[in-house]
**Q** 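My questions all concern the structure below.
Quick caveat, the model's predicted, so the values are computed rather than measured. Keep in mind that the numbers below use all heavy atoms, side chains included, and drop hydrogens, waters and symmetry copies. Lettering follows sequence order; numbering is per chain, from 1.
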Amino acid sequence: MDGTDLLRAELRRAAQSLGAPDDVDPVIERPRDPSFGDWATSLAMVLAKRLGTKPRDLAQAIIERLDFARAGISAADIAGPGFINFRVAADVFAEGLRALIAAGDQYGRSNAGNACPVNIEFVSANPTGPLHVGHGRQAAIGDAISSLLGVTGWRVTREFYYNDAGAQIMNLALSVQARVRQLGGVDAAMPESGYHGEYIRDLAQWYIDEHSSDPNADDLDAVRQFAVRELRREQDLDLQAFGVKFDVYFLESSLYSDGRVDDAIKRLIAAGHTYEKDGALWLRTTDFGDDKDRVMRRSAEKGGEPTYFLPDVAYHITKWERGFARAINVQGADHHSTVTRVRVGLQALDMGIPQGYPEYVLHQMVTVMRAGEEVKISKRAGSYVTVRDLIDEVGRDAVRYFFLMRKGDSQLVFDVDVARSQSDENPVYYIQMAHARVSGIFRVGEIDATAITGTDVDLSVLSLPEEQILIKALLDYPALVAGAAEALEPHRVATYLHDTAGKIHLWYHKAHVLNEPEPILRARLVLARASQLVLRNGLDLLGITAPERM
RNA sequence: GUGCCAGUAGCUCAGUUGGAUAGAGCAACAGCCUUCUAAGCUGUGGGUCGGGGGUUCGAUUCCCUCCUGGCACGCCA
């Protein structure tokens, strides 16, 4: 509800009376320059050619057929090549502000999702090391998307998938084993593609401390379980420090232990899209648009094990069968190649899963700069910046905002030195400061903000340009949230908040509240309360705190 | 070679799904604290929207092509 529904309906009616087709859908937007009006439409320019008239003439004809009262406007005029600019009737803003405050922390919510269950998988780091900056970006984006879908009416499950089976885990176990033996004075070699991070040495030491009966780490299975458990614990601490909570932790190993991987093979074979070649079992993914067929199960001489893509398919079958009509995977762009394969694998089952299932939100890589040089992120080489490092250095709120302020599909340069040295000038403080300032009005004035309603207050005295601009921005919030949720783009919220915070600072600077004459005081308190609520709700979506004072 | 993403101010990035004079932050320069927080505000300078074609009333946005950077293309995960 952004208040344009009535206007849109009126425009449609007027256009149709002039011969426009039934499906005409007028685009209504904010004019670039606020002095043009409150809303604008390009309708006349879009329709002019089809109706065989000049844009400005058509605009005039449309205006003449508009019922201003029903559309909730007080004026309409033609500008430029054929725009129609509208002024909203004064009481529309006043009613909007009252509705905003009445909604409180519910302001911005909608019901687009209709309580439909949606699974959002993110982070899903292998338990082979601490979470690095790339995981941080993913955690911030995934959590924010979850929140966005939550407030737009979806029933959200946040899920973390542990790849705790397979070759990488074996690598991890062998790496720890080698370090244990080295600590014991044995000249043990690290595995070919082992993990060289410092934390492996720590793990080895802990293993020795806790397993006195196995000083040489001969029990590889015990080493593996120990390492996975400890690293999961570390990752949990990282996520906790970042304020991210998951509803479900799904273990890849469970897919094997409860037979779902085998089951997936049987179902794919039964569906008839498989064949054997060179001793391996293949899936004819080219039938579904892939550029080449994929191996599902290796040949005997290669071990006869399923390839990674099979548990991926089995895993996504569980999402579908657990009732998630919608599944969203937030992953780094380096996982791009899995998108087609997972979807194609699900299609090959012929079990009615939609073609675009699951949806993917791929974010581009994070480049870390330190001391003017790029830090290569490599778990195996052991050089990278962890999420915990960043949080310790610049704070949780700033890290969250930094990861969310850019579009996911552009690369992100995280300069650790800049983030640290300029933490006081990080944009997030600008937003939080706006919240602290309007909160300060209530604190200093000893006024209960929650008692503000706006009823019985004459809001027409909010006539400063800064006030009109701010009111419009606040009333845009629900549409902004709906758009960001639909596009799965939380950075829009970050951009909006920064923009709106600027309008609040401007207003705060220009217009005093306390000690003003009663009518102005009362009206401005309403605007302060509305500003506070929008900032608070928006920051909450991004997982960022809204301090009352700074 | 193929596919995906990106290229916008000195730097980092937005740009409401094709609209009006392309915007922020940082950096630079000049100002504003007896008044609810100066972590703020005001002003100045800064652009071939990577290049070239096309589509149309209108293109940073859509299509084609080329250039540059990133990622991915395995019986690795």
**Q** May I ask you to decide whether A:R343 forms a salt bridge with A:E359, counting only side-chain N to carboxylate O separations under 4.0 Å?
**A** no
**Q** Can you check whether A:K510 has a side-chain N or O nearer than 4.0 Å to OP1 or OP2 of B:U42?
**A** no
**Q** Taking atom types as modelled, is there a side-chain donor on A:Q364 or A:S410 under 3.5 Å from an acceptor on the other?
**A** no
**Q** Quick check on B:A38: is either OP1 or OP2 less than 4.0 Å from any side-chain nitrogen or oxygen of A:Y429?
**A** no
**Q** Tell me what A:L362 touches on the nucleic acid: a base, only sugar-phosphate, or nothing, going by heavy atoms under 4.0 Å.
**A** nothing
**Q** It should be established whether A:R437 places a side-chain nitrogen or oxygen under 4.0 Å from OP1 or OP2 of nucleotide B:A39.
**A** no
**Q** Tell me, which of residues 511-531 of chain A have any heavy atom that sits under 4.0 Å from an atom in RNA chain B?
**A** A:A511, A:H512, A:V513, A:L514
**Q** When you check the gap from the basic side-chain N to the acidic O, do A:E305 and A:R298 get nearer than 4.0 Å?
**A** no
**Q** Heavy atoms under 4.0 Å is the rule here; annotate nucleotides 14-21 of chain B 5' to 3' with B where the base is hit, S where only the sugar-phosphate is, and - elsewhere.
**A** SS-B-BB-
**Q** In plain terms, say whether A:K319 and A:E159 are close enough for a salt bridge, that is, a side-chain N and a carboxylate O under 4.0 Å apart.
**A** no
**Q** Examine the side chains of A:Q432 and A:D397 and answer whether a donor and an acceptor come within less than 3.5 Å of each other.
**A** yes
**Q** In residues 336-346 of chain A, which residues come under 4.0 Å of RNA chain B by heavy atom?
**A** A:H336, A:S337
**Q** What stem regions, each of at least 3 consecutive Watson-Crick or G-U pairs below 3.5 Å, can be found for RNA chain B?
**A** B:1-7 with B:67-73, B:10-13 with B:23-26, B:28-32 with B:40-44, B:50-54 with B:62-66
**Q** Would you mind telling me which of B:C71, B:A39, B:C41 lies closest to the side-chain atoms of A:D334?
**A** B:C71
**Q** Using the ring centroid of each side chain, check whether A:H363 and A:F403 are separated by less than 6.0 Å.
**A** no
**Q** What parts of residues 305-315 of chain A reach RNA chain B, counting only heavy atoms under 4.0 Å away?
**A** A:T307, A:Y308
**Q** Would A:F160 and A:Y162 count as a close aromatic pair, with their ring centres under 6.0 Å?
**A** yes
**Q** Of the nucleotides B:C75, B:C36, B:G40, which one has an atom closest to the side chain of A:Y508?
**A** B:C36
**Q** Suppose the criterion is salt bridge (charged side-chain N to carboxylate O under 4.0 Å, His left out): which pairs have a residue in residues 430-439 of chain A, not counting sequence neighbours?
**A** none
**Q** Give one of base, sugar-phosphate or nothing for A:D499, where a contact means two heavy atoms less than 4.0 Å apart.
**A** nothing
**Q** Any Lys/Arg nitrogen of A:D499 or A:K503 sitting under 4.0 Å from an Asp/Glu carboxylate oxygen of the other?
**A** yes
**Q** Contact class for A:A333 vs. all strands (heavy atom < 4.0 Å): base, sugar-phosphate, or nothing?
**A** sugar-phosphate
**Q** Does either side chain, that of A:N329 or that of A:H316, offer a donor lying less than 3.5 Å from an acceptor on the other one?
**A** yes
